[in-house]
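Structure first, commentary second.
These numbers come from a predicted model, not from an experiment.
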Amino acid sequence: MQPQLFNFNGQPTLDSREVAKMIGKRHTDLIRDIRRYISDMSLDAKLRPAQFFIESNYKDANGRFRPCYLLTKQGCEFVANKKTGKKGNLFTAQYVSLFNDYEDRLVARPQ
């Protein structure tokens with residue numbers, strides 16, 4: 001199944017579960033990494049982690065709420081810059097295509 005962008009407050013985002021699949025990483029490990037990125041960014045008052053990663057949650061198969069993040073285009077770029085090799089290249093190509101397609105659809109939409 002093709003990853004889908006979600007509109008969050010007018011901004012396209014990718015669910016961290018999708019990103020984890022796209023980069024071949026366990027979701028729990030990606031969550032750990034994102035929390036570390038947010039912690040590091042929080043040390044600089046000029047950086048706004050929410051411009052990259054938006055806290056969210058989802059309901060699992062057992063009906064329990066689990067943490068996830070919505071990644072903005074900047075968040076995807078941040079994650080992509082941490083990846084190297086084939087997986088990094090594929091993720092970059094996929095997220096760039098998704099966000100560009102989204103933007104193209106906005107421009108094509110009649111006003």
Side-chain angles (χ1 to χ4, degrees):
M1 178 172 278
Q2 181 78 353
Q4 297 293 311
L5 290 177
F6 293 95
N7 185 323
F8 181 81
N9 290 336
Q11 139 173 263
T13 60
L14 263 176
D15 187 300
S16 57
R17 294 172 292 164
E18 290 289 337
V19 172
K21 288 179 199 171
M22 293 167 75
I23 62 174
K25 190 175 224 176
R26 289 181 41 209
H27 186 242
T28 54
D29 293 338
L30 179 60
I31 291 288
R32 177 203 62 215
D33 292 347
I34 290 172
R35 287 178 176 153
R36 189 178 71 238
Y37 304 152
I38 290 170
S39 176
D40 290 348
M41 285 181 198
S42 297
L43 298 174
D44 186 331
K46 295 176 190 161
L47 294 175
R48 301 281 181 252
Q51 292 177 330
F52 298 80
F53 311 106
I54 301 162
E55 274 192 83
S56 189
N57 60 59
Y58 67 97
K59 197 180 276 192
D60 70 12
N62 296 320
R64 293 179 295 204
F65 285 97
R66 301 285 186 189
C68 69
Y69 284 89
L70 301 177
L71 282 74
T72 65
K73 188 174 182 181
Q74 284 180 284
C76 288
E77 290 169 353
F78 194 93
V79 169
N81 284 325
K82 301 291 184 189
K83 299 296 294 175
T84 58
K86 185 176 181 178
K87 286 183 182 177
N89 294 339
L90 291 173
F91 173 64
T92 300
Q94 287 178 311
Y95 92 78
V96 166
S97 294
L98 285 169
F99 280 91
N100 286 343
D101 289 347
Y102 180 89
E103 290 170 3
D104 289 345
R105 284 193 308 273
L106 285 180
V107 170
R109 186 182 302 162
Q111 299 296 322

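- Between Ile31 and Pro67, the closest heavy-atom pair is CD1-O, 4.0 Å.
- Side chains of Tyr69 and Leu30 form no contact here, defined as non-hydrogen atoms less than 4.5 Å apart.
- Heavy-atom neighbours of Glu55 CD from other residues, nucleotides or ligands within 6.0 Å: at or below the threshold of 12.
- Two residues are said to be in side-chain contact when any heavy atoms from C-beta on lie closer than 4.5 Å; Asp33 and Lys25 meet this criterion.
- Side-chain contact check for Asn100 versus Lys73: some heavy-atom pair is nearer than 4.5 Å.
- Going from atom NZ of Lys21 over to atom CG of Asp15 covers 8.5 Å, rounded to the nearest 0.5 Å.
- Using a distance-only test at 3.5 Å, with no hydrogens or angles considered, a donor-acceptor pair links the side chain of Asp60 to the main chain of Asn62.
- A continuous path of hydrophobic side-chain contacts links Val96 to Leu98 [ILVMFWY only; heavy atoms under 4.5 Å].
- Here Leu90 contributes atom CG and Ile23 contributes atom CD1; the two are 12.0 Å apart, rounded to the nearest 0.5 Å.
- Hydrophobic cluster membership for Ile54: Phe8, Leu70 (Ile, Leu, Val, Met, Phe, Trp, Tyr linked by side-chain heavy atoms under 4.5 Å, directly or transitively).
- Remark: side-chain polar atoms of Thr72 are paired, donor with acceptor, to backbone N or O of Gln51 under 3.5 angstrom.
- For Met22 against Pro3, the heavy-atom pair with the smallest separation is SD-CG, 3.7 Å.
- Aromatic pair Tyr37/Phe52: ring centres not closer than 6.0 Å.
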Less than 3.5 Å apart, which donor and acceptor atoms pair up between the side chains of residues 42-50 and the rest of the protein, not counting sequence neighbours?
from  : atom 1 : to    : atom 2 : distance (Å)
Ser42 : OG     : Ile38 : O      : 2.8
Asp44 : OD1    : Lys46 : N      : 2.8
Arg48 : NH1    : Ala45 : O      : 2.8

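- Side-chain contact between Glu77 and Phe99 is absent, with no heavy-atom pair separated by less than 4.5 Å.
- The side-chain heavy atoms of Thr13 and Leu5, taken from C-beta on, include no pair separated by under 4.5 Å.
- Side chains of Phe53 and Arg35 form no contact here, defined as non-hydrogen atoms less than 4.5 Å apart.
- Relative orientation of the Phe91 and Tyr95 rings is tilted, given thresholds of 30° and 60° on the angle between their planes.
- Contact of the Leu71 side chain with the Ile34 side chain is registered, since non-hydrogen atoms from C-beta on lie closer than 4.5 Å.
- With sequence neighbours excluded, no residue forms a salt bridge (Lys or Arg N to Asp or Glu O under 4.0 Å) with Lys83.
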